[in-house]
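Scroll down for the structure; my scribbles are underneath it.
Just so we're on the same page: letters track the sequence lines, and every chain starts at 1. Just so you know, these numbers use all the heavy atoms, side chains as well, and skip hydrogens, waters and symmetry mates.
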Protein chains: 2
Amino acid sequence: MTEPPARPTQRDIARRAGVSTATVSYVLNGRRGGAKPPPEETRRRVLRAVAEVGYQVDHAGRSLRRRRTDLVALMYPAPSSPWSDRLVEQLQAGAAERGLGVVALPLGGAASGDAALRVLRERYVDGAVLLPDCGVDPAELARLAGRGLALVVFDDHLAPDGFDVVRQDRARACRAAVEHLVNSGHRRIAYLAHPGEDRWDTGRSVKLRGHRDVLAAHGIAADPGLVLPVADSRPAAYAAVRDLLLRPDPPTAVLSATDRAAIDAVWAARDHGVAVPEGLAVAGIGNIPEGLVITPALTTVGARELDFSREVARLFARLDATAPLPGEVMAAPWELIVRASA
Amino acid sequence: MTEPPARPTQRDIARRAGVSTATVSYVLNGRRGGAKPPPEETRRRVLRAVAEVGYQVDHAGRSLRRRRTDLVALMYPAPSSPWSDRLVEQLQAGAAERGLGVVALPLGGAASGDAALRVLRERYVDGAVLLPDCGVDPAELARLAGRGLALVVFDDHLAPDGFDVVRQDRARACRAAVEHLVNSGHRRIAYLAHPGEDRWDTGRSVKLRGHRDVLAAHGIAADPGLVLPVADSRPAAYAAVRDLLLRPDPPTAVLSATDRAAIDAVWAARDHGVAVPEGLAVAGIGNIPEGLVITPALTTVGARELDFSREVARLFARLDATAPLPGEVMAAPWELIVRASA
DNA sequence: CTGAAAGCGCTTACAG
DNA sequence: CTGAAAGCGCTTACAG
């Protein structure tokens, strides 16, 4: 007997089992339209051949013919976070029920953004959820949706256009956090920014703008020395807050673009003998579970529950729909969650 | 003029530009074998048609014909971590140079493991890196490699078999950590385990076994009450260590299966007035950057550098190779990194 | 009940 | 220089 080919096809199986490729496909996938499946004996012969050569269906062939990929994606800005982890998990649960796969597309440097977009554009996947700040051009989103890609997009400003938009109202929530600090009497409020956040287009820098606008509204002069691009690195955040506290004119409060960096701010204060919130009030943004662990518990802004079941259900509804669904706005508003740290 | 079709194909472009589909493809991809590319005028006509209808190549068609997907994957057990984030980032950098895409395949529940494996089996991707503990059957790996999938697998025991194996020697390093604690005089050493770790097959529970075996080797009786399945949840780890410290017979040291939980152990101790390492020595496993931020700095076990360039380069070498490369063992040993917390 | 055949969208060796 | 044609692996309406 000859070696089985490196990647056997249904033709190989058909030859081996003495049937046609149509029969192989019917055995493997069942038959459409209520027709009877192949009889047991044929079935057995085919399945034996499949086992013998270790046949696996080829995605490219199947996908070209079926006009779908049976794959969905989650796109999000790196690094991954409790939200991206949780959303992947919930997507996987829904996908498993439907026999679909899930891939994550973390957006790293500039180059990776384009590569990730290619995955959507060239139809590696049937649908995708885009977490906030993926930075995809709205016209591009509309075009993708127009071509039948199922799309659920987290964005506070975009209008739905063949895709659904999840509104978190982050700007309002972030402003509420700054208001809270100001109303507690703080005037020197530092902000731990995403690196480069001040150069982002305005749609993405909601957090920084919340800080700026609310201070301005209260007639508090902006101090550029209190805006530090350290929110994406825990060691950098810790060091920055420590340095802040050693200044002659330390801030009395810190708002951080990420809960992670806010937590480091709490440590830095505690490690240097500054009480939180008495000596330094600290608020984060994001409401990750970790914020409940530290002492004092972290005041933050974010979704109350780490739950994306509605958004996930909507993606699958789009995938299951026979006719294109109209774009819909879904509200999932962020809230100010006052705990002990500010 | 009629509406452009929902998903235009090269046939549509060809018609529109008054050329053949072959010419469209040549314009889009360039010509092989030193033949001259289509002349400027043809080129322009084709590109205009492409722009007008917003043509995008279809992955399934291209991939079926080219016999490759131009996609690579990273598989890893959820949740994501600084290592998985870093590896994705380094893969993306290498992939960008070659015009490839990168997808992440986090392994969640039992069902998702199978769905993720399907992505490799059915050839959604050309290659993959598997981080430790993906739990893929070695025979399956050999079969995948035998079919030409490029594979670099982090595993301390597997023999290379058409794929490469990265050896971290985690067992040895974990034992060294326990030895370090015992040699420092500790006898009651708690272990923060991955949930279910005691039921994992032996290959995966290297950390737990390190703890058990070294204690046994020193004649220290195992205390089941000191093994807690909380290493994957920060709040759970914090609470468990706090409870441990309130017992009449608290441990004097804690080893944690994750640095994350170890960091929570440090907080829990500090919050409850127990000095680290004097009152409680704490060691983690993994060496994440965060371990350097806390006070005292975390003693841990792991790779010294968060750098996977050798492993990434090897995956791309496999992808670029014309003939199948033999499987290779790569050493990237973990080390005991003694800092201040133990 | 089964098989021959068409065709999904693309690339490419080949003929003109 | 360009186009007609074959074929990648699969599914499925259709003929027998």
Legend entry - Between CZ on residue B/Arg68 and CG on residue B/Leu64, distance to nearest 0.5 Å: 13.0 Å
Inset, instruction - Can you measure from CG (B/Leu71) to CD (A/Glu122) and round to the nearest 0.5 angstrom? - result: 10.0 Å
Legend entry - Proximity to the side chain of A/Arg67 - top-ranked nucleotide from C/dC10, D/dC10, C/dC8: C/dC8
Inset, instruction - Calculate, to the nearest 0.5 Å, the distance between atoms CG and CD belonging to A/Leu107 and B/Glu89 respectively. - result: 12.5 Å
Legend entry - For atom CZ of B/Arg7 and atom P of C/dC10, their distance in whole Å: 9 Å
Legend entry - Distance in angstrom units between A/Asn29 CG and D/dA13 P, rounded: 13 Å
Legend entry - Spacing of A/Ile13 atom CD1 relative to D/dT11 atom C1', expressed in whole Å: 16 Å
Legend entry - Close side-chain approach of A/Trp83 and A/Phe308, heavy atoms under 4.5 Å: yes
Inset, instruction - Give a yes or no answer on whether the side chain of A/Ser80 reaches the backbone of B/Ser80 with a donor-acceptor pair at less than 3.5 Å. - result: no
Inset, instruction - Using the six-membered ring wherever Trp is involved, compare the ring planes of A/His59 and B/Tyr124 and label them parallel, tilted or perpendicular (cut-offs 30° and 60°). - result: parallel
Inset, instruction - Quickly work out the A/Arg62 CZ to D/dC8 C1' distance and round it to whole Å. - result: 16 Å
Inset, instruction - Using a cut-off of strictly less than 4.0 Å, decide whether B/Ser25 has a side-chain nitrogen or oxygen near OP1 or OP2 of C/dT11. - result: yes
Inset, instruction - Using whole Å, report how far CZ of B/Arg45 lies from P of D/dC1. - result: 15 Å
Inset, instruction - Measure from NE2 on B/His59 to C1' on C/dT11 and round the result to the nearest Å. - result: 15 Å
Legend entry - First encountered from the 5' end of DNA chain D, between B/Gly61 and A/Arg65: B/Gly61
Legend entry - Gap separating the CD atom of A/Gln56 from the CG atom of B/Leu117, nearest 0.5 angstrom: 8.5 Å
Please list, pair by pair, any protein nitrogen or oxygen found under 3.5 Å from a nitrogen or oxygen in nucleotides 2-5 of chain C.
residue : atom : partner : partner atom : Å
C/dT2   : OP1  : A/Thr42 : OG1          : 3.2
C/dG3   : OP2  : A/Ser20 : N            : 3.0
C/dG3   : OP2  : A/Ser20 : OG           : 3.3
C/dG3   : OP2  : A/Thr23 : OG1          : 3.0

Legend entry - Whether B/Arg98 side chain and B/Gly94 backbone form a donor-acceptor pair below 3.5 Å: yes
Inset, instruction - Starting at the 5' end of DNA chain D, write a dot or bracket for each base, bracketing those in Watson-Crick or G-U wobble pairs whose two distances are under 3.5 Å and using | for partners on another strand. - result: |||.||||||||.|||
Legend entry - From CG (B/Leu141) to CZ (B/Phe163), nearest 0.5 Å: 5.0 Å
Legend entry - Gap between atoms CG and C1', on B/Leu64 and C/dT12 respectively (whole Å): 14 Å
Legend entry - d(CG, A/Asp70; P, D/dC10) in whole Å: 14 Å
